[in-house]
K.L.:
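There's a structure below that I have some questions on.
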There are 2 protein chains.
Amino acid sequence: MRLSRAGEYAVRCMLYLSMAGKGVLVRRKTVAREMDIPEQFLGKIAQQLARAGLMEIVQGAKGGFRLMVFPEELTLLAVVEAVIGEIFLNDCVLRPESCHRSPDCKVHQVWTEARDRFRESLQKATFASLMDCR
Amino acid sequence: MRLSRAGEYAVRCMLYLSMAGKGVLVRRKTVAREMDIPEQFLGKIAQQLARAGLMEIVQGAKGGFRLMVFPEELTLLAVVEAVIGEIFLNDCVLRPESCHRSPDCKVHQVWTEARDRFRESLQKATFASLMDCR
DNA sequence: ATAAATAAGATCATTTTTATCCTATATATA
DNA sequence: TATATATAGGATAAAAATGATCTTATTTAT
């Protein structure tokens, strides 16, 4: 079980935009080259990040990407979930039928709590704090 | 991102064996039927659980599975990781090269901590406590 | 108008996951 | 000891998810 490649690319992309600063336009080609991301694939990922309101895509000549939030407000959780969807939205571990008969299923509870803890950790991490990474 | 089907099956299987009790032999066919698991596939999963020392497989006529630990000592984490491997053993989110140049990479740290928290939650959940699930 | 840059749908390739088939092996018991 | 029963384990197939690219369309600066 691991973070998907798309998730990694998204983080790299947002890290690069964070270093450039909120509102600063950066060409897609530059992000792709500098952060080692296939450019077309980055295009797809960018669409998801833009839909989530995290960045803006500017078309046309001199187009590119632009961070829409302050790195201080941008969390690892927001970026990752924008791309790979809600983390651990799992079908119940028990049989589906027996499960929706019991909303108080213990397995389900444990799983949910574990997920919440995980998300909390990622939510605490802002890109401002991640940028120091070198 | 979700738990794999194999992981779900493993939990269901161990839950059934827990209800039978440690050391009690249960036929594979019975587990498969009762817990809604493809029997051959269960065979594969059982091998992994057996290798991890969580259960024993008995061959031959009157063969089957047998729980090797007390439900009080069996954790959700042990079962899940026996089947799907270490959780979140992710390649670094940053470029691999830049990453192994910096063992103090912030992204890596956050990710590692989030994973640890997640595993803690699953480790606290014993099958004895999960059995109440109905 | 033209050139440069991204959008978006289609498509392809790869990998992972899920599942099954088949032959071998182990074991209870007749 | 022979037979029937049950699981082991390797090979393989089918399906799904993921990763990546191709092509055409659209947008925008100059």
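Note that the structure is predicted; figures quoted are calculated from it, not measured. First the proteins, then the strands, lettered A, B, ... as listed; each starts at 1.
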K.L.:
Report yes if a side-chain nitrogen or oxygen of Arg27(A) is closer than 4.0 Å to either non-bridging phosphate oxygen (OP1 or OP2) of dA4(C); otherwise report no.
P.N.:
no
K.L.:
Flag the pair Glu8(A) and Arg12(A) as a salt bridge only when some basic side-chain nitrogen lies within less than 4.0 angstrom of an acidic carboxylate oxygen.
P.N.:
yes
K.L.:
Select one nucleotide: of dA8(C), dA20(D), dT6(C), the one nearest the side-chain heavy atoms of Gln47(A).
P.N.:
dA8(C)
K.L.:
If you group Ile, Leu, Val, Met, Phe, Trp and Tyr by side-chain heavy-atom gaps below 4.5 Å, do Leu74(B) and Met68(B) land in one group?
P.N.:
no
K.L.:
Rounded to whole angstroms, how far apart are CZ on Arg33(B) and P on dT7(D)?
P.N.:
12 Å
K.L.:
Rounded to whole Å, how long is the line connecting atom CD1 of Ile45(A) with atom P of dT6(C)?
P.N.:
15 Å
K.L.:
Begin from the C-alpha positions of Phe118(B) and Arg117(A) and carry the test side chain to side chain contact (heavy atoms under 4.5 Å, CB included) through to its verdict.
P.N.:
CA-CA 6 Å; Phe118(B) 185 77; Arg117(A) 287 285 145 71; over 6 Å; no
K.L.:
Would Leu122(B) and Thr75(B) satisfy side chain to side chain contact (heavy atoms under 4.5 Å, CB included), going step by step from the backbone distance to the final call?
P.N.:
CA-CA 7 Å; Leu122(B) 296 191; Thr75(B) 71; over 6 Å; no
K.L.:
Would you kindly give the CZ-to-P distance between Arg51(A) and dT6(C), to the nearest whole Å?
P.N.:
17 Å
K.L.:
dA17(D), OP1 or OP2 - any side-chain N/O from Arg5(A) closer than 4.0 Å?
P.N.:
no
K.L.:
Roughly, in whole Å, what's the span from CG in Leu49(B) to P in dG9(D)?
P.N.:
14 Å
K.L.:
Could you state the CD-P distance from Glu8(A) to dG19(D), rounded to the nearest angstrom?
P.N.:
9 Å
K.L.:
Where the side chain of Thr30(A) meets the backbone of Val26(A), is there a donor-acceptor pair that is under 3.5 Å apart?
P.N.:
no
K.L.:
Identify whether Leu77(A) and Val11(A) are in the same connected component of the hydrophobic contact network (ILVMFWY, side-chain heavy atoms under 4.5 Å).
P.N.:
yes
K.L.:
I want to verify a distance call: between dG19(D), dA8(D), dA5(C), whose nearest atom is closest to the Ser4(A) side chain?
P.N.:
dG19(D)
K.L.:
Tell me whether Thr112(B) contacts the main-chain N or O of His108(B) through its side chain, where contact means a donor paired with an acceptor under 3.5 Å.
P.N.:
yes
K.L.:
Applying a 4.0 Å non-hydrogen cut-off, can you work out what Glu56(A) is touching in the nucleic acid: base, sugar-phosphate, or nothing?
P.N.:
nothing
K.L.:
Nearest heavy atom decides the nucleotide; on that basis, is Ala6(B) or Ile57(A) closer to the 5' end of DNA chain C?
P.N.:
Ile57(A)
K.L.:
Could you check whether Arg28(A) pairs with Glu39(A) (Lys NZ or Arg NE/NH1/NH2 to Asp/Glu carboxylate O, under 4.0 Å)?
P.N.:
yes
K.L.:
Where along nucleotides 22-30 of chain C does protein come under 4.0 Å, by heavy atom, of base (B) or sugar-phosphate alone (S), with - for untouched nucleotides?
P.N.:
B--BBBSS-
K.L.:
Let me know the distance between CD of Gln48(B) and P of dA19(C), rounded to the nearest Å.
P.N.:
14 Å
K.L.:
What N/O pairs connect the protein and nucleotides 11-15 of chain D at under 3.5 Å? Give each pair on its own line.
P.N.:
none

K.L.:
With a 4.5 Å cut-off on side-chain heavy-atom distances among I, L, V, M, F, W and Y, is there a chain of contacts connecting Leu42(A) to Val58(A)?
P.N.:
no
K.L.:
Give a yes/no answer on whether the side chain of Tyr9(A) brings an N or O atom under 4.0 Å of OP1 or OP2 in dA20(D).
P.N.:
yes
K.L.:
Taking the minimum atom-to-atom distance to the side chain of Phe41(B), which one of dT6(C), dA19(C), dA20(D) wins?
P.N.:
dA19(C)
K.L.:
As a test of reading the structure: which of dA7(C), dT7(D), dG19(D) is closest to the side chain of Arg28(A), going by heavy atoms?
P.N.:
dA7(C)
K.L.:
Measure CZ/Arg66(A) against P/dT28(D) and give the value in whole Å, please.
P.N.:
12 Å
K.L.:
Please assess Leu76(A) against Trp111(B) for the test side chain to side chain contact (heavy atoms under 4.5 Å, CB included), listing each intermediate value before the final yes or no.
P.N.:
CA-CA 9 Å; Leu76(A) 201 48; Trp111(B) 204 256; 4.2 Å; yes
K.L.:
Between dA8(D) atom C1' and Met55(B) atom CE, what is the distance in whole Å?
P.N.:
12 Å
